[in-house]
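Computed from a predicted model, the values in this text were never measured in an experiment. Naming: A, B, ... by sequence-line order, numbering from 1 per chain.
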Amino acid sequence: MGNCCSDGPGGQSAVGGTSAAHRNQTGGPNDAVDCFLKSRGYRGLFSQIELSLSASNLRDRDVLSKSDPMAVIYAKGKDGALQELGRTEVVLNSLNPQWITKHNITYYFEVVQMLVFRLYDVDTPFHDLEVKMIKLDEQQILGEATCALSEIITKSNRSLTIDLKRIEDSTRPSQPGKFGQLTICAEECVSSKISTELVLRCLDLEYKDLFARNDPFLTISKYLESGITSPICKTEVLKNDQSPAWKPVFLNIQQVGSKDTPLIIECFNFNSNGKHDLIGKVEKSLADLEKLHSMGSGVHLYSPTPVGNNYENKVLKSQLFVDTFSESVQYTFLDYLAGRCELNFMVAIDFTASNGNPRLPDSLHYIDPTGRPNAYQKAILDVGEVLQFYDSDKKFPAWGFGARPIDGPVSHCFNLNGSSTYCEVEGIRGIMMAYTSALYNVSLAGPTLFGPVISEASLIASQSLGNKQQKYYVLLIITDGVITDLQETKDALVKASDLPLSILIVGVGGADYKEMEILDADKGERLESTTGRVASRDIVQFVPFRDVENGEVSIVQSLLAELPSQFLTYMRTRDIHPAS
Amino acid sequence: MEESYSLEITIISCEGLRINRKKPVKRNTFVTVQTDSQNFNTTKLDMTGGSYPAWNEKLDVQMPMHVHFLNIDVQCKVSASTDRFIGRARIPVSDFTGPYFPENYLHILSYRLRDDNMERNGIINFSIRIKASGARRRITPMAASKVSNYGMVTGVPVWNS
């Protein structure tokens, strides 16, 4: 939510600590992945790392002003393919940007994790978009840098500076330093559930503009282990204000380190050319700010002024006040599970003819007499093993779609177990047995419609709402990815976004998954139904099975990448707390 | 007086609002929710959000029984007496009623806004809750018929097993 610029011509908006970010704050370590890996004895073999980025001496691509840089982080696979991990905000008019948006990444000690960073100059017409909506091929590239995650971690100050290069495909060798440098800092994430809401206000700010009044905003930064400072959030810019009061800022202990960590609070006068003047600053920890709040007193800002070769802090008459200081607990995914929130999985399997004739060995549904599992069986086993870990009763409603039962019309949602009255099967073994028997009893047909199974799952999820018992559902759809009615599927998904339901689509086989990527809304626009209703949250995650076939750790990682955050968004926007 | 039930609507935010399909909205945006000519309610002006305004403001509005749509209008105050229309969303009552939703269920909904020419202009996010009352029982049957229209019919094949 909110637009992308850290200080835009129109949107001089807040970054990093807004209430929207706070409500959907899921950027912390993925505790579902942690929990699963620990249960399998992977304790101590991985850790969650937070990356912060800054750059210096970037190339200037804008004629009248300076570049407006944004950084995009990719993971580079063994085959050289890049997978986007995240984007920073756009910093306006700066050749030495320090981005506020941080990125969490899981560091596995035994795997070489190559990271690629690309810096783009984002053109002014795009400044009003959300960053994830910006089309990168329409932007000018400022340079690229590659390193292994372990290179950053193993530096003594956990900070690595690398020269930016031209993008690889160019044949001309580039001179080092010509494109500027990128600095990446890594810090281990601290798990903490405490979040603090602050309302900050200043009094009697000194004039920085000669003829106009100040347009003040605050930034809050912390010291990294290496001693450098790194911004964690920034308030919105208030126009023409000598005694500004900003909107609430939410700081998580996870972002800050601890309650006693000194924070640098700086007040700037906004300047559209990117050179904001420092009005004054203070250094206070959250504990200090709490004290200020309880006493109701202010603290004087100071400004570093040059005296000879040194700087001296000149105390100003401007003061900072803390109007609100309140702490709240941010519950995690595991807290809800511990509070007996039931997670229930449902399975739907694609029986359409595009999978190939099950009697032929090249079919995705081929039952091999030697017992070697086919693509679907492999997916059920591997995915099921991870998911059932979180399912409390291990009873799964299981459906098939896109097939014609003997002498019947094509059904887009039939019970996999062959029963006409109940759809549940027992455990992974139950799914496997129902799947094989269904293969013998139906003939593959089409078209491929997801709508009916999603609606059936939505019905089960909505029926549970009346119960006192808190429940959340996950529909797992295993498919070869060729879908007939995209709009009908979108309509069903949009309706489902208001229910305690997530949909995990696992793609098997080698088909084109473009449509699946559209449904997985985190890569593009929000899903919109024919009636103009829009999905209120992202509930779909698409995982191409061929990408995760190597190694247990990566399967867990990809399957559980979004579920906890989708789950938490549902619970937090409705203010539902775990039962104690 | 006509029978009605009360809705508690929290206008959360809007995204990507533009004037004349080009210029992003700057400030002074507000939202009106309306069920019929007598029942409406309006938020305060958003001053700082630009084309991504946020209110988080609770509005109560009465919903007459026979009304099947809720209108939400986004406007922008240009001068003391002039408001510029930005976009409207028409929300069918069936989107927040239904046989299975418990009393007081907090629906979190988003809709596409459309301007005077029915062109897409941004998105509105809000939450809605039907306040528990005796009237509730009567909303459900009407809504139930809607749901069964939309809902798919599960064709359970019968075969020999």
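- Between B:Met47 and A:Lys239, every side-chain heavy-atom pair lies at or beyond the 4.5 Å cut-off.
- You'll find the side chain of B:Tyr100 reaches within 4.5 Å of the side chain of A:Leu459, heavy atoms only.
- Under a cut-off of 6.0 angstrom, the local environment of NZ in B:Lys58 is sparse, with at most 12 non-hydrogen atoms contributed by other residues, nucleotides or ligands.
- Proximity to chain B (any heavy atom under 4.5 Å) is shown, for A:Tyr440, by neither the backbone nor the side chain.
- Neither the backbone nor the side chain of A:Ile576 comes within contact range of chain B; no heavy atom of the residue lies under 4.5 Å from a heavy atom of that chain.
- Nearest heavy-atom pair across B:Asp46 and A:Lys247 is OD1-NZ, 4.0 Å.
- The distance from atom CZ of B:Arg120 to atom CD of A:Glu528, rounded to the nearest 0.5 Å, is 4.5 Å.
- In this structure the side chain of B:Phe101 reaches within 4.5 angstrom of the side chain of A:Leu499, judged on heavy atoms.
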> Going through the distances and angles, do A:Arg526 and B:Ser110 end up as a side chain to side chain donor-acceptor pair (under 3.5 Å)?
Replying inline: CA-CA 10 Å; A:Arg526 286 161 74 179; B:Ser110 303; 2.8 Å; yes

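- Residues A:Ser536 and B:Ile108 meet the side-chain proximity criterion, which asks for heavy atoms closer than 4.5 Å.
- Heavy atoms of B:Ile123 lying under 4.5 Å from chain A belong exclusively to its side chain.
- The shortest side-chain heavy-atom distance between B:Tyr105 and A:Asp498 falls under the 4.5 Å cut-off.
- A:Arg533 places no side-chain N or O within donor-acceptor distance of the main-chain N or O of B:Tyr111, the cut-off being under 3.5 Å.
- Looking at A:Gln463, both its backbone and its side chain come within 4.5 Å of chain B, counting heavy atoms on both sides.
- If you measure heavy-atom distances from B:Arg90 to chain A, you find no contacts under 4.5 Å at all.
- Distance check, rounded to the nearest 0.5 Å: CD1 of B:Ile91 to OG1 of A:Thr531 gives 10.0 Å.
- Counting non-hydrogen atoms of neighbouring residues, nucleotides and ligands closer than 6.0 angstrom, the CZ atom of B:Arg112 exceeds 12 such neighbours.
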